[in-house]
Amino acid sequence: MSLFNDRLEEYLGDAEDRGDIRAIVRRCWFYDIPGIPIRMWRGQGKLHTSDGNVWLGTIDANGKDYHKTPRIADGRDGTSLSYQFTLGYVDKATYEGVKVDQDLISGASLICYNALFRIGDGLRPDTPIEFSKELTLFSPQFDEKLELSGTSIVRRYSISVRAKDGNFGRSEIPGRTYTDTMQKDYARSLGVENDRGCEFVARLANRTYIVP
């Protein structure tokens, strides 16, 4: 059994009702960009996990989250949705490093982990994590602007990037599986703006049809 499951059993204890559970799960995101790895978690401060990695918190002292992450759907129905992630207020060195090597982003992995905490505890040096989801990154966009912070003018940097789940690319191989998103992207590359040929695919998933 994994450390994550062992610790979960410890935190659950003898709880018999949802209100008795003293455990909470937070998301960790690993942007596996060659030479510029970025690890972030949805919380405050630096998180040290059981795999030996350090994750930077994305929530400031006022409770604002500077990492915008969408709700991830189950792509097994063939939809292969496209998601938008935004890293707001990154430091200048990270911003410039990613921008210079932005060609390394397309095709890189974005891996999501679940981190387990006991409610009321501080950050532990061996917080257990467990793999949750892997996405593929595309199309980075960069933005820098001047903002008023108190009485000072500061320059803010942010990076946005698209991501797709493991169903991406399945329509590009022999014996392929079509998805609406992939079909529309492929059609646009050929100059066709409104290809609706695969919109029905997800609706037909897991259905049984009897032919007379």
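These values consider heavy atoms only, across backbone and side chains, with no hydrogens, waters or symmetry-generated copies. Numbers here simply count residues along the sequence, with the first being 1.
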How close do [X] and [Y] get, counting heavy atoms only, and between which atoms?
X     : Y      : result
Phe4  : Val25  : CZ-CG2, 4.5 Å
Thr58 : Arg42  : OG1-CA, 3.8 Å
His67 : Tyr31  : NE2-OH, 2.7 Å
Gly43 : Arg26  : CA-NH1, 4.1 Å
Ser50 : Ile129 : OG-N, 3.9 Å
Arg71 : Tyr83  : O-CE2, 3.4 Å

Enumerate, atom names and distances included, each donor-acceptor pair closer than 3.5 Å involving a side-chain atom of residues 99-112, sequence neighbours excluded.
residue	atom	partner	partner atom	Å
Gln102	NE2	Lys99	O	3.0
Ser109	OG	Glu134	OE2	2.8

Would you check if [X] and [Y] make a side-chain contact, meaning some heavy-atom pair closer than 4.5 Å?
X     : Y      : result
Arg27 : Asn114 : yes
Val90 : Val98  : no
Lys92 : Arg155 : no

May I ask you to check whether Thr127 and Thr49 show a side-chain donor-acceptor distance below 3.5 Å? no
For Ile153, what are the other residues in its hydrophobic cluster, where any two members join if their side-chain heavy atoms are less than 4.5 angstrom apart? Leu146, Leu148
To the nearest 0.5 angstrom, please state how far the [atom1] atom of [X] sits from the [atom2] atom of [Y].
X      : Y      : atom1 : atom2 : result
Asp143 : Tyr95  : CG    : OH    : 6.5 Å
Asn5   : Glu130 : CG    : CD    : 5.5 Å
Ile72  : Leu135 : CD1   : CG    : 5.0 Å
Gln141 : Arg162 : CD    : CZ    : 9.0 Å
Ile36  : Glu96  : CD1   : CD    : 11.5 Å
Tyr157 : Ile159 : OH    : CD1   : 11.5 Å

For Asp60, does its backbone N or O pair with a side-chain atom of Gln44 as donor and acceptor, under 3.5 Å? yes
Is there a path of hydrophobic side-chain contacts, each under 4.5 Å between heavy atoms, that joins [X] and [Y]?
X      : Y      : result
Tyr89  : Ile38  : no
Phe30  : Ile33  : no
Met40  : Leu47  : no
Ile24  : Trp41  : yes
Phe117 : Tyr113 : yes

